Amino acid sequence: MRLSRYFLPVLREDPKEAEIVSHRLMLRTGMIRQEAAGIYSWLPLGFRVLKRIENIVRREQDRAGAIEMLMPTIQPAELWKRSGRYDDYGKEMLRISDRKEHELLYGPTNEEMITDIIARSVQSYKQLPLNLYHIQWKFRDEIRPRFGVMRGREFLMKDAYSFDLTREDGEHAYNKMFVAYLRTYAAMGLKAIPMRAETGPIGGNLSHEFLILADTGESQVYFDAAFHEKDWTTFELDYDDREAVAKVVEEFTSMYAATEEMHDPERFEKEVPEERRISGRGIEVGHIFFFGDKYSRPLGAKVLGPDGEEHYLQSGSYGIGVSRLVGAIIEASHDDAGIVWPEPVAPFQVGLINLRSGDEATEAACEKIYAELENAGLEVLYDDTSERAGEKFTRMDLIGLPWQVIVGPRGLKEGVAEIKRRASGERENVPLENVADWLRERLNPTG
RNA sequence: CGGGGCGUAGCGCAGCCUGGUAGCGCAUCUGCUUUGGGAGCAGAGGGUCGCAGGUUCGAAUCCUGCCGCCCCGACCA
């Protein structure tokens, strides 16, 4: 992408409404634009990141055997009256009515709808297990939206719903999602610590929240430093192997980790040696629940089992805040100069900077490298604008692409381009003709 | 919902107390000079002063009501 033809409205100054770093940087880099409290437009740069994250989530859900679908944002109130949540959900639910005065609502979550779909289509245990998910916009009329996309009213969420015949099967479905979540966050360069959680209005009794550590997090968390020593990168296993899956869950739940609501200081002190007790702030980026027949009963989701009897389905629901993750990743990965994108979620992998636009030789060298990088399957933002070097450097650091290729008359004389790694600031001079290969060796082509 | 703050050009702000023809910096446009870490000079464009009502000869400024936004607290992907 040529910057001169792109839409990247960066702000030179900090917008005054943004206090926390991710919100500030998202506004400054032109990723988002606020339309109302907790409601944002996603501008091209932000949209690219959102899609990247969404794709990683999708890949890991698919891998764990979940099946993607899409339910609408608008739901009939009638479903929610059946589950009893129409009244329970309170003012957080945005209620609307159509021209015929039918009561509708903008979905804050989809347990009712998916359970109803299953109830109408699944009659036999032979059709199980099922885990269906979608990635769809939600609306919750939060008491106080804040922190940009981290607590928006409208937000993009991946929500999956599992349906099984027995509690044991349901727990396996839960465990699979648990492992899939570890894999998902790891694939984005994050460590999200699973913590025992309250179940809230979703209900049920088995639940974990996944939190990434950041000073600006909204939750107070307590955990065992042993989490820092875990291997977060390899969870290669057969999802159908119940024991293997349960073992990973066991491994990651045996160490103490709790949010403030569930924190038990006595247990913490008893189980964790003092030097390993860590308390800090965390951002909740995922939440999984197992709630048995809480919804299948009122919505009549039952199947005939092998015993010839009717059984209510055993269910769980599994959410990842996709739009929140954009902010959360920035909170976890930035410096004074701006965002430092982990490669897997970066909007572009490479920023190519022409330091002297208008200069024929420099332009020719840039065009050549640009074409080679694109041919190598890399995603490149080519700063071909006529601005001065300083502005280009500052802007490229601000938007935080993992690699910068800097081409100017100085290097051209030596036949080299300078390649800078945003995260570490290391620079290396690379012969012009080797730039594409050099980068390709250090990057995975994006799919 | 309780507490605090803000609303004036695309962005950041001054002006308001003490009413008198709306200003600064950055950005934008034109020209020239520049060009390896947010350039210089010269010129130019851009405003329902959040909205409505009131007081006044006259309101960004005073009064009343409303709306929006941000921050702190109780709730949540």
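Source: prediction; values computed, not measured. Numbered from 1 within each chain, the chains take letters A, B, ... in sequence-line order.
- Remark: ring of A/F393 not stacked against base of B/G36; the cut-offs of centroid gap under 5.5 Å and plane tilt under 30° are not jointly satisfied.
- With P as the reference atom, B/A59 and B/C51 are 15 Å apart, rounded to whole Å.
- A/I320 comes within 4.0 angstrom of the backbone, heavy atoms only, and of no base.
- OP1 or OP2 of B/C72 has at least one side-chain nitrogen or oxygen of A/R144 nearer than 4.0 Å.
- Proximity of A/R410 to the phosphate of B/U35: no side-chain N or O atom is located under 4.0 Å from OP1 or OP2.
- If you check B/G12, B/C75, B/G36 against the side chain of A/K16, the one that comes closest is B/G12.
- Between B/G68 and A/Q34, no contact under 4.0 Å exists linking OP1 or OP2 to a side-chain N or O.
- Using a 30° and 60° split on the angle between ring planes, A/W403 and A/W438 fall in the perpendicular class, above 60°.
- A/S424 pairs with exactly one of A/E426, A/R422, A/R427 by the side chain to side chain donor-acceptor pair (under 3.5 Å) rule, that one being A/E426.
- Using P as the reference atom, B/C17 and B/C62 are 5 Å apart when rounded to the nearest Å.
- Using C1' as the reference atom, B/G38 and B/U55 are 49 Å apart when rounded to the nearest Å.
- At a threshold of 4.0 angstrom between heavy atoms, the contacts of A/G411 include nucleobase atoms, whether or not backbone atoms are also involved.
- Between the side chain of A/E391 and the base of B/G37, no donor-acceptor pair of N or O atoms lies under 3.5 Å.
- If you check B/G36, B/C69, B/A77 against the side chain of A/L355, the one that comes closest is B/G36.
- Distance from the side chain of A/E284 is smallest for B/A77 among the nucleotides B/G38, B/A77, B/G36.
- Of the candidates B/G12, B/G37, B/C76, B/C76 carries the atom nearest the A/R324 side chain, counting heavy atoms from C-beta on.
- The CD1 atom of A/I118 lies 5.0 Å from the CG atom of A/L132; values are rounded to the nearest 0.5 Å.
- Ranked by how close their nearest RNA chain B nucleotide is to the 5' end, A/V407 and A/A37 are led by A/V407.
- If you take atom P in B/U8 and the same atom in B/C49, they sit 11 Å apart, rounded to whole Å.
- Ring centroid separation for the pair A/Y174 and A/H172 does not come in under the 6.0 Å cut-off.
- Residue A/R33 is out of contact with every strand shown, counting any heavy-atom pair closer than 4.0 Å.
- Across all strands, A/E142 comes closer than 4.0 Å to base atoms (heavy-atom distances).
- Ring geometry for A/H263 versus A/F268: interplanar angle over 60°, hence perpendicular rather than tilted (30 to 60°).
- With both ends at atom P, the span from B/C41 to B/G46 equals 24 Å, rounded to whole Å.
- Nucleotides B/G19 and B/C63 are separated by 12 Å at their P atoms, to the nearest Å.
- Proximity note for A/M157 (side chain, C-beta onward) versus B/G7, B/C71, B/A77: the nearest is B/A77.
- Minimum atom distance to the side chain of A/R146 is reached by B/C72, of the listed B/C72, B/G37, B/U35.
- Straight-line distance from the CG atom of A/D88 to the P atom of B/C75: 17 Å, rounded to whole Å.
- Each of A/E35 and A/K91 was matched to the nucleotide of RNA chain B holding its nearest heavy atom; the match closer to the 5' end belongs to A/K91.
- Neither OP1 nor OP2 of B/G38 sits under 4.0 Å from any side-chain N or O of A/R12.
- The base of B/C76 lies outside donor-acceptor range of the side chain of A/R140, with no N or O pair under 3.5 Å.
- Using modelled atom types, one side-chain atom of A/S83 and one backbone atom of A/W80 make a donor-acceptor pair closer than 3.5 Å.
- Interface remark: the A/D14 side chain does not form any donor-acceptor pair with the B/G12 base, using a distance-only criterion of under 3.5 Å.
- Between the C1' atoms of B/C57 and B/A44, the separation comes to 36 Å (whole Å).
- Residue side chain A/E13 reaches the base of B/G25 through a donor-acceptor N/O pair under 3.5 Å, judged by distance alone.
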